[in-house]
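In what follows, a single structure is set out as structure tokens and then discussed.
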There are 2 protein chains.
Amino acid sequence: MMSEPSIPANVRDLAARRHVDAGGAIFRVGTSASHVYFLLRGRVALNRFGPSGEEVAIHVADPGEFFAEASLHAERYHCTAVALADTEVAAIPSVDLRARIQSDPQFAMQWLESVAGQLRQVRARVERLSIKSAAERVRHLLLTEGRGKTPTYALRGTARELAGQLGLTHEALYRVLAAMQREGTIARTRSEIVLLR
Amino acid sequence: MMSEPSIPANVRDLAARRHVDAGGAIFRVGTSASHVYFLLRGRVALNRFGPSGEEVAIHVADPGEFFAEASLHAERYHCTAVALADTEVAAIPSVDLRARIQSDPQFAMQWLESVAGQLRQVRARVERLSIKSAAERVRHLLLTEGRGKTPTYALRGTARELAGQLGLTHEALYRVLAAMQREGTIARTRSEIVLLR
DNA sequence: CGTCGCATTGATATCGCTCAAATCCGGTGG
DNA sequence: CCACCGGATTTGAGCGATATCAATGCGACG
């Protein structure tokens with residue numbers, strides 16, 4: 001059984017617990033950015049929509065993560081948060097969080113570190129999306145996000161989601177994975193991809 | 001005449017001025033992340049290198065910007081910084097900057113805002129790179145980075161650089177721009193692109 | 001046990017990459 | 001002042017990788 005991650009002690013007193021059913025929205029793009037969130041259970045997708053209505057997955061949050069962090073400094077949310085599963089979040093009013101950052105230098109540093117970490121992660125994703133070959137993108141994913149000596153990537157959602165992360169259609173991803181498997185570059189189980197060479 | 005941007009007053013006393021010739025490296029990937037930089041004059045490219053040696057432009061800094069901000073929390077630099085022109089930077093020791101953040105809450109908030117702003121910007125770029133069509137990428141760039149009522153994008157370097165930013169080859173970018181111009185979607189001058197409809 | 005969405009594979013079309021070549025432009029040195 | 005040079009810009013031709021459309025199987029869930 002997976003135990004629930006706990007809200008960082010520094011801000012526990014500011015947080016209000018909230019439940020969201022699968023498919024429900026936590027906030028929508030354009031509405032007033034009043035809260036920052038911490039994910040306790042479930043999964044949350046942060047999406048944007050292009051002019052033609054096409055959806056782009058900006059980020060998928062897993063338990064133990066803050067999300068909508070950047071909204072601390074914005075008037076309005078820049079994306080829409082949708083629960084992918086039954087989800088439990090802690091909502092922290094932006095105003096209170098700002099005040100806490102001002103008054104607690106240690107927490108300020110922790111918070112900063114977390115934002116900087118996200119920045120690094122997103123930069124890695126930019127790097128990945130700049131690669132033209134689908135196979136090289138997968139390899140890059142395994143090398144940068146994989147764990148262990150033989151890089152192993154635990155896929156968190158569906159393969160379709162991963163395809164979105166990689167800027168590929170799901171068909172293209174399946175084909176590339178099949179090809180890499182055939183030629184022995186990777187190995188796959190239901191929930192993992194391992195880079196062999 | 002362009003006047004030189006000034007180092008934020010909060011950290012001016014920590015900074016050491018340094019000159020770098022065009023083509024010179026400011027720091028290299030893998031070396032100890034000892035300083036954060038503020039760009040006073042010139043242009044600086046932040047690059048990473050793939051396994052096959054191909055270069056990916058992570059970011060191009062313009063005067064008035066901090067760069068290597070994320071390195072405040074990292075052991076080593078994750079990218080290489082190269083001067084694209086004769087360049088003047090202010091180097092701020094990471095240690096000192098961290099101390100300043102701890103001791104000056106107002107500065108901490110400013111710094112945090114700057115990092116969060118970068119995060120938003122990079123996220124927008126991820127969104128852009130997730131778009132499949134080259135024309136739509138250009139349109140997205142103009143909509144998100146353009147200024148004014150009729151979105152106008154001032155191109156800072158060469159069109160080749162822009163192509164890199166957009167995840168396209170320079171040929172593809174030239175063709176798309178030509179086509180969009182032909183059909184009246186955009187207008188171009190030497191240094192600007194304007195979205196017409 | 002029917003339905004829905006994910007996974008997988010096939011066929012085809014298309015867009016952007018690659019290779020190639022001509023021109024333009026700014027800078028440099030004679 | 002002019003010839004030259006290197007890099008940026010621009011356009012062409014062809015190919016290949018990925019998107020798109022389509023069909024099937026499968027597993028979860030009601």
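By convention in this document, chain letters (A, B, ...) are assigned in the order of the sequence lines, proteins followed by strands, and residues within each chain are numbered from 1.
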With a 4.0 Å cut-off on heavy atoms, is [X] in touch with a base, just the backbone sugar-phosphate, or nothing at all?
{"X": "A:R188", "result": "sugar-phosphate"}
{"X": "A:G157", "result": "nothing"}
{"X": "A:T169", "result": "base"}

Tell me: [atom1] of [X] to [atom2] of [N], nearest whole Å?
{"X": "A:R175", "N": "D:dA17", "atom1": "CZ", "atom2": "P", "answer": "13 Å"}
{"X": "A:R160", "N": "D:dA19", "atom1": "CZ", "atom2": "C1'", "answer": "14 Å"}
{"X": "B:L177", "N": "D:dT10", "atom1": "CG", "atom2": "P", "answer": "8 Å"}
{"X": "A:E136", "N": "D:dT18", "atom1": "CD", "atom2": "P", "answer": "11 Å"}
{"X": "A:Y174", "N": "D:dC21", "atom1": "OH", "atom2": "C1'", "answer": "16 Å"}
{"X": "A:H170", "N": "D:dC26", "atom1": "NE2", "atom2": "P", "answer": "19 Å"}
{"X": "B:E171", "N": "C:dA21", "atom1": "CD", "atom2": "P", "answer": "14 Å"}
{"X": "A:Q181", "N": "C:dA7", "atom1": "CD", "atom2": "C1'", "answer": "13 Å"}

Worksheet entry | Passing candidate, ring-ring contact (aromatic ring centres under 6.0 Å, His included) with B:F38, options B:F66, B:W111, B:F67 |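 Among the candidates, only B:F66 passes.
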Item to complete: Hey, which sits more toward the 5' end of DNA chain D by its nearest nucleotide, B:A178 or A:A135?
Response: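 Closest to the 5' end, via its nearest nucleotide, is B:A178.
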Item to complete: Check whether the side chains of A:H78 and B:E127 place a donor and an acceptor atom closer than 3.5 Å, and report yes or no.
Response: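 No, no side-chain donor-acceptor contact under 3.5 Å.
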Item to complete: Please check if B:V115 and B:M109 belong to a single hydrophobic cluster, counting links between Ile, Leu, Val, Met, Phe, Trp and Tyr side chain heavy atoms closer than 4.5 Å.
Response: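 B:V115 clusters together with B:M109.
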Worksheet item: What nucleotide among C:dC17, D:dA19, C:dG16 has an atom nearest to a side-chain atom of A:K132?
Response: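 The listed nucleotide nearest to A:K132's side chain is C:dC17.
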Discussion item. If you apply the rule side chain to side chain contact (heavy atoms under 4.5 Å, CB included), what do you find for A:V122 with B:Q118, and how did you get there?
Written reply: CA-CA 10 Å; A:V122 182; B:Q118 294 228 1; over 6 Å; no
